[in-house]
Each structure stands twice: as structure tokens, then as C-alpha cells.
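Here is the structure we will look at, set down as C-alpha cells.
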Amino acid sequence: MTNLNEEELQAVSGGTEIPYLVKPGDTIGKLAKRFHCTEEQICRWNKIRLTDPLLVGQKLVLRF
């Protein structure tokens with residue numbers, strides 16, 4: 001699992017899937033802002049609902 005900084009985010013493009021491990025304090029909204037996508041996209045990519053709680057250690061997929 002990885003956390004990307006801004007430089008790494010810019011280097012990744014075109015439909016690349018990035019695994020992400022949920023950390024304490026993460027929310028779908030915070031992840032959407034950090035990874036420059038929408039909450040709805042994160043939910044769709046991971047087959048979760050916006051109302052579903054994120055669990056520490058949960059694996060998510062983010063796409064760019």
C-alpha cells in the first residue's frame with residue numbers, strides 16, 4: 001500500500017490503479033481531496049457506499 005506525494009501523483013497517469021491502505025482519520029472525502037478525484041469515484045472503484053465507514057487497514061483502489 002502506498003501514500004503518494006504531489007510529485008508522484010503527477011507522474012502517474014492514464015487509468016493506473018494505486019492500492020491504498022486506510023489509515024486512522026481517513027475519510028472518503030479526505031481521500032478524494034488528497035488524490036484529486038470525487039467521493040463518488042472512490043465509492044464506484046471500490047464498490048462501497050458513501051455512508052459505509054472506512055476501517056483502518058481496509059484496502060482501497062484509487063485510479064488515475
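We count residues from 1, following the sequence as given.
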Q: Would you kindly confirm whether W45 and V22 end up in one hydrophobic cluster when ILVMFWY residues are joined by side chain heavy atoms under 4.5 Å apart?
A: yes
(Q) If hydrophobic clusters are built by linking Ile, Leu, Val, Met, Phe, Trp and Tyr wherever their side-chain heavy atoms come under 4.5 Å apart, do L50 and L54 end up in the same one? (A) yes
Check whether any side-chain heavy atom of [X] lies under 4.5 Å from a side-chain heavy atom of [Y], and answer yes or no.
| X | Y | result |
| --- | --- | --- |
| K23 | V56 | no |
| L31 | L60 | yes |
| D52 | I28 | no |

Q: Could you pull out all residues at least two apart from E40 that satisfy salt bridge (charged side-chain N to carboxylate O under 4.0 Å, His left out)?
A: none
Q | Residues forming a salt bridge (charged side-chain N to carboxylate O under 4.0 Å, His left out) with R63, sequence neighbours excluded | A | E17
Drop me the distance from [X]'s [atom1] to [Y]'s [atom2], to the nearest 0.5 angstrom.
| X | Y | atom1 | atom2 | result |
| --- | --- | --- | --- | --- |
| L62 | F35 | CG | CZ | 5.5 Å |
| D26 | Q58 | CG | CD | 10.0 Å |
| K47 | R49 | NZ | CZ | 15.0 Å |
| I42 | C37 | CD1 | SG | 4.0 Å |

Q | Donor-acceptor contact present, side-chain K30 to main-chain G25, <3.5 Å | A | yes
**Q.** Shortest non-hydrogen contact between A32 and E39, atoms and distance
**A.** CB-N, 3.7 Å
